[in-house]
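Source: prediction; values computed, not measured.
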Amino acid sequence: MFVAVEMVDTVRIPPWNFQRQFNEAIAEELNKKLANKVVYQVGLCICLYDITKLEDSYIFPGDGASHTKVHFRYVVFHPFLDEILVGKIKYCSQEGVHVSLGFFDDIVIPPESLQQPAKFDEAEQVWVWEYETDEGAHDLYMDQGEDIRFRVTDEVFQDTSPTGPSAAATDTSAAPGAEGGQKKEAPYTLLVRRSIIHWLNSPDDLDGIM
């Protein structure tokens, strides 16, 4: 689920931080820049793991800050495919079941990946698994806040870098009624498949499911 990714970046330390320990100042600037940010095709950055190399520092004309090329490892949330995780149901919609890990919310179980047969209850706004037993079908509701276990099947990265003025104008003219010209996309989304049930009443309820 978490990996240490090797990165390289040039870190700027302003003059008022020169009295601090150099490594502490570097770590603070790196965390300020990367923590809780999604790096395209890498994952969600969590915190600095360690600094592996510091190159020479330079001060450029007109700027009193130091600029240092830093080699470091950063802890990143990037689960591997087929990894099984446990989260909580955030809410349900026609698009599927939306799951949260507490620090990461962009997890979706599409309807076709739910245990079947499943249906969406419009009145309750929840997905329901119609679990068949010898005594007939039982409706098992996927309620908000319940624990759920799931398997990662795919990941989607969206490049959310700012677009140029011409691209922004095209988007706005194409969708005159849309707020901001286009729908805001999540930079990193996990697509998952429902795994072993976690919200059943007792371990006996798992008989016949495993």
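In terms of heavy-atom proximity, Thr10 sits nearest to His67 at CG2-CB, 4.2 Å. Nearest approach of Leu34 to Met7, heavy atoms of both residues: CD1-SD, 4.1 Å. Shortest non-hydrogen contact noted between Leu30 and Tyr74 is O-OH, 4.0 Å. The nearest pair of heavy atoms linking Ser66 to Phe22 is OG-CE1, 4.5 Å. Here the shortest heavy-atom pairing between Ile107 and Leu101 reads CD1-CG, 3.7 Å. Residues Trp129 and Gln115 share a closest heavy-atom pair of CD1-O, 3.4 Å.
Note: Phe77 and Phe103 have perpendicular aromatic rings, judged against thresholds of 30 and 60 degrees for the angle between ring planes. Taking the six-membered ring where tryptophan is involved, the planes of Trp127 and Phe120 are tilted, since the angle between them lies from 30° to 60°. Classification of the Tyr58-Phe60 ring pair by plane angle, with boundaries at 30° and 60°, yields parallel.
Side chain of Asp82 to main chain of Arg151: no donor-acceptor pair is present (N/O by atom type, distance under 3.5 Å, no hydrogens or angles). The backbone N or O of Thr68 lies less than 3.5 Å from no partner atom in the side chain of Ser57, so there is not a single donor-acceptor pair. Put simply, the side chain of Asp143 never gets that close to the backbone of Glu146: no donor and acceptor are under 3.5 Å apart. Judged by distance alone, the side chain of Glu124 and the main-chain N or O of Val126 form no donor-acceptor pair under 3.5 Å. No donor-acceptor pair closer than 3.5 Å links the side chain of Glu95 to the backbone N or O of Val108. Side chain of Glu29 to main chain of Ile26: no donor-acceptor pair is present (N/O by atom type, distance under 3.5 Å, no hydrogens or angles).
Using a 4.5 Å cut-off between side-chain heavy atoms of Ile, Leu, Val, Met, Phe, Trp and Tyr, with links allowed through other members, Val75 and Val11 fall into different hydrophobic clusters. At a threshold of 4.5 Å between side-chain heavy atoms, the hydrophobic network of Ile, Leu, Val, Met, Phe, Trp and Tyr places Met1 and Val152 in one connected group. No continuous path of ILVMFWY side-chain contacts below 4.5 Å connects Val97 to Leu191, so the two sit in separate hydrophobic clusters. With hydrophobic clusters built from ILVMFWY side chains whose heavy atoms lie under 4.5 angstrom apart, Val192 shares a cluster with Leu85. Residues Ile46 and Phe72 are members of separate hydrophobic clusters, defined by side-chain heavy-atom contacts under 4.5 angstrom among Ile, Leu, Val, Met, Phe, Trp and Tyr.
Checked against a 6.0 Å centroid threshold, the rings of Tyr188 and Phe104 count as neighbours. Here the two rings, on Tyr91 and His98, have centers that are under 6.0 Å apart.
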- Task: Output, in order, the C-alpha distance, side-chain angles, deciding distance and verdict of side-chain contact (heavy atoms from CB on, under 4.5 Å) for Asn31 and Cys47.
- Result: CA-CA 6 Å; Asn31 281 324; Cys47 64; 4.2 Å; yes
- Message: Please determine whether side-chain contact (heavy atoms from CB on, under 4.5 Å) holds for the pair Glu155 and Leu190, giving the CA-CA distance in whole Å, both sets of side-chain angles, and the decisive distance to 0.1 Å.
- Response: CA-CA 5 Å; Glu155 59 184 9; Leu190 293 179; 4.0 Å; yes
- Query: After noting the C-alpha distance and the side-chain angles of Asn36 and Cys45, does the key distance pass the side-chain contact (heavy atoms from CB on, under 4.5 Å) rule?
  - Reply: CA-CA 5 Å; Asn36 205 32; Cys45 294; over 6 Å; no
- Report the C-alpha separation of Glu122 and Gln94 in whole Å, then their side-chain angles, then the decisive distance to 0.1 Å, and conclude whether the side chain to side chain donor-acceptor pair (under 3.5 Å) test is met. CA-CA 9 Å; Glu122 290 282 356; Gln94 291 281 7; 2.2 Å; yes
- Task: Go through the steps for Arg20 and Glu28 under the test side-chain contact (heavy atoms from CB on, under 4.5 Å), then give the verdict.
- Result: CA-CA 11 Å; Arg20 300 184 56 189; Glu28 180 179 316; 2.4 Å; yes
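A heavy-atom distance below 4.5 Å is not found between the side chains of Val128 and Met142. When side chains are defined from C-beta on, Ile148 counts as touching Ile109, because their heavy atoms get closer than 4.5 Å. Side-chain contact check for Leu44 versus Lys37: every heavy-atom pair is 4.5 Å or farther apart. At least one side-chain heavy atom of Tyr141 sits less than 4.5 Å from a side-chain heavy atom of Asp121.
Here Leu140 contributes atom CG and Glu130 contributes atom CD; the two are 10.0 Å apart, rounded to the nearest 0.5 Å. The structure places CD1 of Ile51 at 11.5 Å from NE2 of His71, a figure rounded to the nearest 0.5 Å. In this structure, CD in Gln144 is found 11.0 Å from NZ in Lys88, a value given to the nearest 0.5 Å. Atoms CG and CG, from Leu54 and Asn23 in turn, are 5.5 Å apart once rounded to the nearest 0.5 Å. We find the CD-CG distance between Glu83 and Leu81 to be 9.5 Å, quoted to the nearest 0.5 Å. The OG atom of Ser93 sits 8.0 Å away from atom CD of Gln125, with the distance rounded to the nearest 0.5 Å.
Between Lys69 and Asp9 no salt bridge is recorded (no basic side-chain N to carboxylate O distance below 4.0 Å).
In this structure, the side chain to side chain contact (heavy atoms under 4.5 Å, CB included) partners of Ala25, at least two apart in sequence or on a different chain, are Ile13. Residues forming a side chain to side chain contact (heavy atoms under 4.5 Å, CB included) with Val3 (at least two apart in sequence, or on another chain): Val5, Val76, His78.
Shown here is Glu6, whose CD atom has no more than 12 heavy atoms of other residues, nucleotides or ligands within 6.0 Å. In Gln21, the CD atom is not crowded: 12 or fewer heavy atoms of neighbouring residues, nucleotides or ligands sit closer than 6.0 Å.
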